[in-house]
> 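Sharing a structure with you now.
Order of appearance sets the numbers: ligands from 1, and atoms from 1 within every ligand.
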Amino acid sequence: MGKVFVTRQTPGRAIEMLHAAGHEVDVWHEPTPPPPVVLAAKLAASDAALTMVVDAITPEMLDGAPNLRVLANMAVGYDNLNPAEAIRRGIAVTNTPGVLAETTADMAWALLMAGARNVVASERDTRAGGWTTWSPTAFLGQDVFGATLGIIGLGEIGEAMARRARGFDMRILYTSRTRKPEAESRLGLEFVSLDDLLRQSDFVSLHTPLSPETRYLIAARELSLMKPTALLVNTARGGVVDQDALIAALRAGSIGGAALDVTDPEPLPLDNPLYSFPNVVITPHIASASLATRSKMAEMAAANIIAVLAGRPAINPVA
Ligand code: DGY
């Protein structure tokens, strides 16, 4: 039986599952992640690790962990794990596809609606005593129904977003590495180039993984193509957007606003200029944070560890 390091407390039955499979489980109980030096030492003593998106695994940590057989990320994204380096060393890398798309799309939709209709700015103003009368001109937002949504990255979450947009009678554009004719006809989508999507959309929602190809996919040039009223929604990864360019675009008023569940870095330091814009909504990387979904994610990660340590193939290998 193996030694499993779990880098945070998790909801659901994941720990129970690992114990039931006979493993020795070491859970990091602090509210913040194990610092790199601790993480390295824990990995060095483990056969498996159940990791979170905030655990940055370096090649040096992998070199120092001769017994490590599997890194099971409690996330669909796995850019934090240095997957190529891990796989090269024979360590399985797994993620949690299939269980968080709807929950994440719910949050992306909530951010889109919040940005479009000034939900956060007006709520803050109300608490601060700003609701002194009904005003015909206060907090005028944008209609979502009938508007154009641009989805960048048509994986499970992008598709879940498209399904929501259909209920709002939206025109739905998408761009993706591969064109998906079946999804186009099923969901009424139009495939366009990234530039056309940016030019035509009232709402641009990001759903790509972070990889060397997608880092800064949305930078100054791309932001300059967006409508001055358009809202950028990011529930993917902060690194997909060049944040300095985003701040410059918001300062110049060349886009309408941003609604961000992910930033670069995370947490976003309180002196970051993004906090100063009333047309920016920021949430703390919670798009998959429903109790049911986070429980399923943790249990899926545990199931992957149990499989690999039992000598079976990983259930959700990333490559
Ligand atoms: C993911 O799954 O990649 C999210 O960012 C964490 O919920």
> Quick one: do the Asn316 and Asn304 side chains pair a donor with an acceptor below 3.5 Å?
yes
> Hey, which atoms in ligand 1 end up nearer than 4.0 Å to a heavy atom of Arg237?
1 (C), 3 (O), 4 (C), 5 (O)
> List the closest protein heavy-atom neighbour of atom 6 (C) of ligand 1: residue, atom name, distance to the nearest 0.1 Å.
His285 NE2, 3.7 Å
> Which protein heavy atom lies closest to atom 7 (O) of ligand 1, and at what distance to 0.1 Å?
Ser288 OG, 2.5 Å
> Of the backbone atoms (N, CA, C, O) and the side-chain heavy atoms from C-beta on, which set of Thr96 has a member under 4.0 Å from an atom of ligand 1: side chain, backbone, both, or neither?
neither
> Decide whether an N or O pair under 3.5 Å exists between Val76 and ligand 1.
yes
> Heavy-atom contact check, 4.0 Å cutoff: does Met74 meet ligand 1?
no
> Any atoms of ligand 1 less than 4.0 Å from a non-hydrogen atom of Leu100? List them with their elements.
2 (O)
> Any side-chain donor-acceptor pair under 3.5 Å between Glu184 and Tyr174?
yes
> Could you check whether Thr235 and Asp261, counting side-chain N and O atoms only, form a donor-acceptor pair closer than 3.5 Å?
no
> Going by heavy atoms in the side chains, are Asp55 and Leu39 under 4.5 Å from each other?
yes
> Checking Asn73 against Asn80: is there a side-chain donor and acceptor pair closer than 3.5 Å?
yes
> For ligand 1 and Gly77, I'd like to know whether there is a polar contact (N/O to N/O, distance under 3.5 Å).
yes
> Among Leu232, Leu149, Thr148, which residue satisfies the side chain to side chain contact (heavy atoms under 4.5 Å, CB included) criterion with Phe203?
Leu149
